[in-house]
Every structure is written in C-alpha cells, then in structure tokens.
Amino acid sequence: MEAARLSQFEIVAREDFSDVTYLLEVRHPLMAKAARPGQFVIVMAHERGERIPLTIADFDRSRGTITLVVQAVGKTTREMQQSCKVGSTLHAMVGPMGIPSPISGAKKVVCVGGGLGVAPIFPQARGFKEAGTYVIGVLGFRTKSLVFWEDKFRACCNELILCTDDGSAGLKGLVTEGIKRAIAKHRDIDEVVAIGPPVMMKGCAEATRPHKIKTLVSLNPIMVDGTGMCGGCRVKIGSEVKFACVDGPDFDGHLVDFDDLMTRLRRYTQVERAAAERWSANCRMKDLADPAAPAVELLELPDPFDDVKGG
Ligand SMILES: Cc1cc2nc3c(=O)[nH]c(=O)nc-3n(C[C@H](O)[C@H](O)[C@H](O)COP(=O)(O)OP(=O)(O)OC[C@H]3O[C@@H](n4cnc5c(N)ncnc54)[C@H](O)[C@@H]3O)c2cc1C
Ligand code: FES
C-alpha cells in the first residue's frame, strides 16, 4: 500500500490550451533536479495504463516539478485529458530519458517549434539564452486561438517570429517562412533546432540545407520500453540505424529519413483507432448508467501530423 502511494506523482497544476492540448505540472523533485533540455519521460497514468513517452517541456528545481504538455490524439492521451486533474496522481513516471540536447557553444541559434513542438523547444531556447547565445525563436501554430507560451518565449529569445498558417497572428505562413526570414536577416546563424510533426521538421531541414546550417531535430517514433531493447523506435540516420530512445531523440535533420519515420508511425493506425473507439463507447455506456454524469462526445481525433504542415 505504502509502495503504491510512493510510486504516484501528484499533479499540482493543469492548464488547458485548447480542446485537445493540456499542460500538467507534476511533482517529482528528483526528476526536476536531473532533467536537462531535450529529455523525456515515460508515463503510465494508471496501473493498467499504456506507457507513453512525453517530452519534459519545463522543469522547476525550486518547486520540485516537471511540466508536460500533451495533445489528445488517441486513447491514452484522451483518457489522461479526462482523468488528470489537480490533486490526482500519475501511477508511474520513469526518466529523464534520452541524451540531453547539446547546448553547444553556438553564438546564434534559431529554435523552431511547431504546434505541440513549441512546448519541448522551450527548455532548449532557455538553455541557449542562459549560455549567452543569441536566440531567435520561430513558433508556428495553425491559428491565433492555439497560440500558447508566447510570453515565456519572449522572455528568453532575443527575437521572436510568430507564424500562423492562416495569418491570424504574426507572420502568415509555415515555420519554414519564419526560418527563411531569420536566415535572410542574419547571415551568421550557427545552428537551427526544430521540434514538431515529422513533416514540419523535414521542411525545416530542407529550408536550411542549401545554406549548410547545422540542423537538429527531435524524433518521435513509436517507443515501447525506452531502453534500446525492443527496436520499436528504430530510425534511419544516413546509412545508419539508430534507436531514438537511447541514441536520440535529437539527430542531424539533414540525415534523417523522414519518409521512413512517417511510414513507421502510421503502422498501427487501425489498432489505435479501434482502441480509441472502444474507449469512447465505454465512456458513453458509463454515462447511460449515470444520467447525472456529463456527456462524453465521440470526438473526431486529430491527426498528430496535421497540426502544422511546414515545408
Ligand atoms: C520522445 C517522444 C516524446 C514525445 N513527447 C510528446 C509530448 O511532449 N506531448 C505529446 O502530446 N506527445 C508526445 N509524444 C507522442 C506521444 O507519445 C503519443 O502521442 C502518444 O503515445 C499517443 O498515445 P495515444 O494512446 O493517445 O494515441 P494512439 O492512438 O495510440 O496513437 C496516436 C499516434 O501517436 C503515436 N504513438 C502511439 N503510441 C506511441 C508510443 N508508444 N510512442 C510514441 N508515439 C506513439 C503514433 O504516431 C500514433 O499514430 C512523444 C513521443 C516521443 C517518442
Ligand atoms: S523504445 Fe524500444 S528500443 Fe527504443
């Protein structure tokens, strides 16, 4: 009983950025102490829950907390959207996992976040700023109502280029337009770091390739154990095969085989859809049994790659 209690991690704050995106601040002093930019955790929301990888979007050593920003795209992330309230607990959380992003000696960097990728790029932008680097932030969202953390980025970037697909805030266009604008203004960019849907990161790598600017991307293949044992997170980097959980998640964007990554990510689409539909049906059954419970709608799930297209 005591062991079960000790293995649980309290949610101390929650913020909803949109219908499908939510932030959880979780108490875990040791994790907050150990976390470095670019690392991730594997979370189980409850005892029988699926293990899912989530990037550490922020850590606060004095509060002893880490922050996760989650997009509800399928069964587990939607279930967490309902169950993870302030005061509730996550059953398990392992990490920090992955090789921390190198906060190199670069003098000028562009940190690019697209859609949900805006959250995990934050610790890197802050890390570069603390190391004395000139930081240009490029953030991309579909539309103004989805924008989050603009103030946080303004505080740690020397320049910020906000892009929306529909032009409702900032520059109209994809993050690749923001990168092109930054490159046109600054001839001395040492490095670009990009996090977002694979198709966006592919676009970023293509935008920097002609300029020969070092470009790091954070890959999100399907992960199972997170220890390099199962092979689930295999990615092709140039002529090599790597495991994103232990060799990454950051890799040279000019060498990544993005088409292979996207094909592998879609391998279980039917099973994932069936699991989400079963879960929704269960929720509806519970509502029928308890007429006082708020209705749960069968939502059309967002495609995780549709958030920001890029490139
Ligand atoms: C290193 C890493 C960091 C990540 N960070 C975040 C984050 O900060 N916030 C966030 O919302 N999401 C993040 N993800 C993606 C997140 O893990 C998946 O969205 C989640 O596992 C989906 O589970 P589901 O049951 O809700 O949806 P499902 O319907 O099971 O899957 C939806 C889609 O998510 C992907 N996915 C499914 N299972 C996994 C898995 N075990 N590992 C990786 N991807 C999977 C697949 O592309 C799938 O098509 C990260 C993934 C990786 C590998
Ligand atoms: S998740 Fe199993 S090898 Fe990386």
Side-chain angles (χ1 to χ4, degrees), residues 16-18 20-24 26 35 37-46 48-59 66-84 93-101 113-124 148-149 195-199 201 217-235 241-251 258 261-280 299-307:
D16 287 77
F17 293 137
S18 74
V20 290
T21 311
Y22 53 99
L23 171 154
L24 304 174
V26 187
Q39 291 189 295
F40 63 95
V41 289
I42 291 191
V43 165
M44 275 173 81
H46 56 83
R48 296 187 175 183
E50 184 190 12
R51 294 157 51 87
I52 64 161
L54 297 169
T55 306
I56 301 173
D58 201 0
F59 45 87
I66 65 155
T67 297
L68 308 171
V69 177
V70 189
Q71 188 170 21
V73 293
K75 186 212 166 223
T76 300
T77 45
R78 284 181 60 199
E79 195 177 28
M80 286 173 65
Q81 188 181 23
Q82 286 197 353
S83 64
C84 292
M93 183 156 64
V94 288
M97 308 182 92
I99 300 173
S101 305
L116 193 74
V118 165
I121 200 75
F122 173 73
Q124 302 204 39
F148 63 88
W149 282 11
I195 307 185
V199 70
M201 294 189 285
V217 293
S218 176
L219 300 187
N220 61 338
I222 291 189
M223 289 187 182
V224 183
D225 61 339
T227 66
M229 300 288 281
C230 72
C233 67
R234 201 168 66 228
V235 286
V241 170
K242 300 274 186 186
F243 294 150
C245 65
V246 286
D247 299 322
D250 292 350
F251 294 99
F258 285 103
L261 173 67
M262 288 187 267
T263 305
R264 285 177 65 81
L265 275 166
R266 292 189 195 279
R267 270 170 89 175
Y268 303 104
T269 304
Q270 281 185 357
V271 184
E272 289 158 358
R273 201 168 293 258
E277 281 169 4
R278 258 197 321 276
W279 176 77
S280 288
L299 295 171
E300 188 59 36
L301 296 179
D303 182 329
F305 305 142
D306 273 353
D307 209 8

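Just so it is clear, the values below take in all heavy atoms, side chains as well, and ignore hydrogens, waters and symmetry mates. Predicted model, so just to flag it, every value in this text is computed and none were measured. Note that ligands are numbered from 1 as they come in the structure, with each ligand's atoms numbered from 1 the same way.
The CG atom of D247 lies 11.0 Å from the CG atom of L219; values are rounded to the nearest 0.5 Å. Atoms SG and CE, from C230 and M223 in turn, are 9.0 Å apart once rounded to the nearest 0.5 Å. The structure places CG of D225 at 7.0 Å from CD1 of I42, a figure rounded to the nearest 0.5 Å. Here CG of L68 is found 12.5 Å from CZ of F40. Values are rounded to the nearest 0.5 Å. We find the NZ-CD1 distance between K75 and I52 to be 10.5 Å, quoted to the nearest 0.5 Å.
When the heavy-atom distances from atom 3 (C) of ligand 1 to L116, T55, D250, N220 are ranked, the shortest goes to T55. For atom 9 (N) of ligand 1, the nearest non-hydrogen atom from the set I42, T21, V69 belongs to V69. Heavy-atom proximity to atom 40 (C) of ligand 1, evaluated over M80, R78, M223, is greatest for M223.
Under a 3.5 Å cut-off, the side chain of T55 and the backbone N or O of A57 do not form any donor-acceptor pair.
When the options L24, L54, D58, T21 are evaluated for a side chain to side chain contact (heavy atoms under 4.5 Å, CB included) with V69, the one that passes is T21.
Atom numbering of ligand 1 starts at 1 in the shown order; those under 4.0 Å from a heavy atom of E50 are 25 (O). The contact set between ligand 2 and C245, taken as ligand atoms under 4.0 Å from a residue heavy atom, comprises 1 (S), 3 (S), 4 (Fe).
Only backbone heavy atoms of M229 (N, CA, C or O) come within less than 4.0 Å of ligand 2; its side chain stays farther off.
Residue contacts with ligand 1: L219 is placed with no nitrogen or oxygen under 3.5 Å of a nitrogen or oxygen of the ligand (distance criterion only).
Looking only at N/O/S atoms, D225 comes nearest to atom 2 (Fe) of ligand 2 through OD1.
Put simply, C230 stays out of reach of atom 4 (Fe) of ligand 2, with no N, O or S atom under 2.8 Å from it.
Between P221 and ligand 1 there is a heavy-atom distance shorter than 4.0 Å.
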